[in-house]
Protein chains: 2
Amino acid sequence: MDRPSKSGVREIARRAGVSLGTVDRALHGRQEVSEVTRERVLAVARELGYQPNLTARALAAGKSTIRIGICIPREIRFFYDQVRDGILEEIQRYSHLGLEALYEPVPSLGVGEAAAMRRMMKQDVRAILLTPGHPAQLAPLIDEAEKKHNIRVVCLASDDSTSARSTAISVEPRLNGTLAAELMARITPHAARVAVFTGMLATEDHARKVQGFVSGFQRESPAGQIVAVVEDHQEERQTRRKCAQLLKAQPDLAGIYISTANCLPVCETIEAHSAAGRVRVIATDLFVDAVPFFQRGVIAASIYQHPYLQGQTAVRLLVDHFLQGAPMPNAHYLNPSIVLKANLPLFREIAG
Amino acid sequence: MDRPSKSGVREIARRAGVSLGTVDRALHGRQEVSEVTRERVLAVARELGYQPNLTARALAAGKSTIRIGICIPREIRFFYDQVRDGILEEIQRYSHLGLEALYEPVPSLGVGEAAAMRRMMKQDVRAILLTPGHPAQLAPLIDEAEKKHNIRVVCLASDDSTSARSTAISVEPRLNGTLAAELMARITPHAARVAVFTGMLATEDHARKVQGFVSGFQRESPAGQIVAVVEDHQEERQTRRKCAQLLKAQPDLAGIYISTANCLPVCETIEAHSAAGRVRVIATDLFVDAVPFFQRGVIAASIYQHPYLQGQTAVRLLVDHFLQGAPMPNAHYLNPSIVLKANLPLFREIAG
DNA sequence: CTGAAAGCGCTAACAA
DNA sequence: TTGTTAGCGCTTTCAG
């Protein structure tokens with residue numbers, strides 16, 4: 001693979017007829033070097049196929065040069081925890097290359113994110129990873145971080161593509177919906193009547209999931225019908241009430257797709273109406289409290305959005321970017337998984 | 001998190017009243033140090049909560065101290081390629097810590113593996129990653145590598161747990177079967193009659209997949225019936241013939257689970273008999289030639305065994321083991337994924 | 001068996 | 001603008 005048997009800064013310096021310091025300055029595009037010498041040094045480096053030794057670089061540069069700010073809701077055992085674990089563990093793996101975490105959690109999604117971002121910006125972070133609760137509101141701050149402070153902002157789980165954020169990592173909401181739809185079409189009888197529960201259609205993510213489900217279900221089950229799209233604002237009482245109404249109004253309902261993590265009240269209502277089994281439920285994501293509903297056959301499947309992997313991927317993109325100079329993709333979409341009873345125990349939320 | 005503000009070998013040496021060299025020898029359990037000094041040094045290290053700086057270690061030890069042998073069938077665009085890519089890319093990511101790949105491919109599964117292993121053993125590898133075609137036959141050699149040469153042997157995709165291999169990474173075959181069974185039970189009508197295609201039941205992996213499917217299907221579809229378990233020895237002509245026979249003998253067949261990657265001949269035979277759609281096919285793994293069958297609705301789903309991730313995981317386990325001293329788990333089981341038409345484009349075999 | 005000293009490849013502080 | 005030099009924390013000779 002590798003051609004150059006020995007080509008370090010030393011060799012470059014020798015061939016370009018300059019000193020180590022100059023090579024370093026040229027390589028890093030610092031200002032204290034003349035245009036012409038820089039060109040020459042870079043030419044030699046290119047010719048030699050110079051690959052910096054990251055180990056030596058990290059060692060010489062001293063510890064914790066790359067501080068990464070993390071702004072994620074503090075939870076216990078849920079989605080955002082997994083995201084955070086993925087981030088922190090991956091940063092840990094790269095700590096020897098100087099990665100360091102600055103954890104500034106917010107109490108819950110969308111609360112205090114701006115303040116947390118400001119705090120991080122003051123502490124010399126090179127990147128900020130955040131799960132924006134209201135992406136649009138945060139956009140100006142994201143733009144400021146990116147443009148004024150040269151901080152790479154990575155959105156996780158949710159996105160605002162109109163802001164200047166460097167990249168976003170998520171399962172494409174529309175794909176969530178189409179995958180659920182295809183599965184729903186397969187597991188329900190012919191000409192099935194199904195419904196969707198969502199949070200608020202005003203939220204872009206929610207709306208796109210629903211759109212994906214609607215168009216996917218129509219395609220995969222032409223004889224089927226979507227009889228209701230219920231907005232529950234993720235409030236438990238509202239969910240129960242609307243679910244009960246739905247079950248009463250649609251006695252032959254064959255399936256429900258819940259596009260948020262709010263499946264518990266739906267499942268309980270279904271059981272209370274003795275509709276378990278007849279109404280196939282496809283949920284979203286995973287947490288221990290949902291396990292009994294899988295076991296009792298209330299939840300047929302769940303669309304899993306790989307929170308841990310989202311966090312891990314974010315860090316890997318940053319490592320490639322900062323350490324290898326790789327460009328950041330505009331967005332990175334992960335492949336969701338389907339959870340059934342059989343593979344349930346292997347997901348990290350359940351395995352412990 | 002971290003207590004010790006400064007505790008390197010230097011500090012240990014100072015506190016233990018010895019020199020750097022002695023600390024190093026003690027820390028690495030080399031022989032040229034007296035029992036008593038070593039104890040003392042280790043005690044100080046423990047007390048200080050000493051964590052070696054991997055960067056400095058890699059830099060000082062020089063490049064490529066940890067050579068990893070890779071013995072995997074050479075393919076184009078298939079399962080083992082993905083495994084190999086996962087391994088090589090992850091080794092690349094850790095090259096700065098001294099990881100180096102020694103790639104000794106075999107022409108096909110089970111051919112020349114012993115010779116390849118012997119070659120690697122002579123080239124001073126610290127670990128061997130292999131996908132054993134006939135695990136039992138290789139066992140003595142694996143034992144020799146582990147015990148005589150102190151080489152960590154990691155089995156991928158397939159396992160021989162009776163050998164002395166350090167660990168094995170795979171999707172548990174039984175889980176493959178039960179997951180396919182649960183899905184089959186959901187997507188077929190009540191009291192469905194289904195069949196299984198496998199390679200050879202004499203192969204442990206194949207047998208366990210079938211067992212998983214049989215018991216899972218009985219549990220999830222008590223009224224259903226498994227009308228045939230077909231051994232096709234993964235030979236195309238045999239597969240076609242037996243599949244045609246099956247379709248003729250079982251005109252009301254509702255589903256086929258193919259537990260090997262040999263789905264193409266089955267799908268083609270089904271289409272030739274105009275049975276597409278009526279017979280739901282659940283396949284195993286993924287490759288581009290299968291895509292049209294997904295699109296035409298012949299293959300309803302596939303159980304994906306994450307070949308790339310298997311390779312990547314193997315390397316990560318080795319990194320943790322060699323660099324952090326973590327014990328290797330006896331086996332590492334990955335969570336299989338379900339491929340549907342909707343998420344098909346996101347798998348790396350298809351995305352390119 | 002132990003100590004002293006010379007780097008690994010790179011960055012950064014200080015001179016020139 | 002450029003060159004020189006001293007390390008980063010560890011391993012590894014080579015003497016003692």
Side-chain angles (χ1 to χ4, degrees), chain A residues 2 4-42 44-45 48-66 95-98 100 322-325, chain B residues 2 4-42 44-45 48-66 95-98 100 322-325:
Chain A
D2 290 332
S5 56
K6 97 171 195 185
S7 73
V9 281
R10 191 155 243 123
E11 177 69 7
I12 296 178
R14 203 179 59 71
R15 296 215 194 187
V18 295
S19 72
L20 281 179
T22 303
V23 171
D24 189 62
R25 290 184 275 261
L27 251 27
H28 291 281
R30 298 196 225 290
Q31 292 314 308
E32 325 100 318
V33 68
S34 77
E35 185 65 20
V36 40
T37 28
R38 186 184 42 223
E39 290 298 329
R40 185 151 42 91
V41 170
L42 290 180
V44 173
L48 256 45
Y50 169 70
Q51 292 284 108
N53 181 324
L54 296 181
T55 302
R57 177 175 288 178
L59 186 59
K63 261 212 153 357
S64 67
T65 6
I66 303 174
S95 58
H96 54 82
L97 290 185
E100 189 189 69
F322 286 132
L323 268 33
Q324 321 267 16
Chain B
D2 289 331
S5 57
K6 99 170 193 184
S7 76
V9 282
R10 191 154 241 124
E11 178 68 7
I12 296 178
R14 203 179 59 71
R15 297 215 195 187
V18 295
S19 73
L20 283 179
T22 303
V23 170
D24 188 64
R25 290 184 274 261
L27 250 29
H28 291 283
R30 297 196 224 292
Q31 292 314 309
E32 326 97 316
V33 67
S34 76
E35 185 64 20
V36 42
T37 342
R38 186 183 44 221
E39 290 298 328
R40 184 152 41 92
V41 170
L42 291 181
V44 173
L48 255 44
Y50 170 69
Q51 292 284 106
N53 179 323
L54 296 181
T55 301
R57 176 174 290 178
L59 185 60
K63 262 215 152 355
S64 66
T65 6
I66 303 174
S95 58
H96 54 84
L97 291 185
E100 188 190 71
F322 286 132
L323 267 33
Q324 322 266 17

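Just so it is clear: chains get the letters A, B, ... in the order the sequence lines come, proteins before strands, and each one is counted from 1.
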Between [X] and [N], does any side-chain N or O lie under 4.0 Å from OP1 or OP2?
{"X": "Thr37(A)", "N": "dT1(D)", "answer": "no"}
{"X": "Thr22(B)", "N": "dT2(C)", "answer": "no"}
{"X": "Ser34(A)", "N": "dT1(D)", "answer": "no"}

Starting at atom [atom1] of [X], determine the distance to atom [atom2] of [N], rounded to an integer number of angstrom.
{"X": "Ile66(A)", "N": "dT11(C)", "atom1": "CD1", "atom2": "P", "answer": "12 Å"}
{"X": "Leu97(A)", "N": "dG9(C)", "atom1": "CG", "atom2": "P", "answer": "17 Å"}
{"X": "Arg14(A)", "N": "dG9(C)", "atom1": "CZ", "atom2": "P", "answer": "15 Å"}
{"X": "Leu48(A)", "N": "dC10(C)", "atom1": "CG", "atom2": "C1'", "answer": "16 Å"}
{"X": "Glu32(A)", "N": "dA16(C)", "atom1": "CD", "atom2": "C1'", "answer": "15 Å"}

### Task
Output, in order, the C-alpha distance, side-chain angles, deciding distance and verdict of side chain to side chain contact (heavy atoms under 4.5 Å, CB included) for Ile12(B) and Leu20(B).
CA-CA 8 Å; Ile12(B) 296 178; Leu20(B) 283 179; over 6 Å; no
### Task
Looking only at non-hydrogen atoms, find the nearest pair between Val41(A) and Ala16(A) and report the distance.
CG2-CB, 4.3 Å
#### Entry: Full working for side chain to side chain contact (heavy atoms under 4.5 Å, CB included) between Tyr50(B) and Val44(B)
CA-CA 9 Å; Tyr50(B) 170 69; Val44(B) 173; over 6 Å; no
### Query
What distance separates His96(A) NE2 from Thr55(A) OG1, expressed to the nearest 0.5 Å?
8.0 Å
### Query
Arg30(A) and Asp24(A): side chain to side chain contact (heavy atoms under 4.5 Å, CB included), yes or no, with the steps?
CA-CA 9 Å; Arg30(A) 298 196 225 290; Asp24(A) 189 62; 2.9 Å; yes
### Query
If the sugar-phosphate is the primed atoms plus P, OP1 and OP2 and the base is the rest, what is the B/S/- string for nucleotides 9-16 of chain D, using protein heavy atoms under 4.0 Å?
BBSBB---
### Message
Is it the case that over 12 heavy atoms from other parts of the model lie below 6.0 angstrom from the CD atom of Gln51(B)?
### Response
no
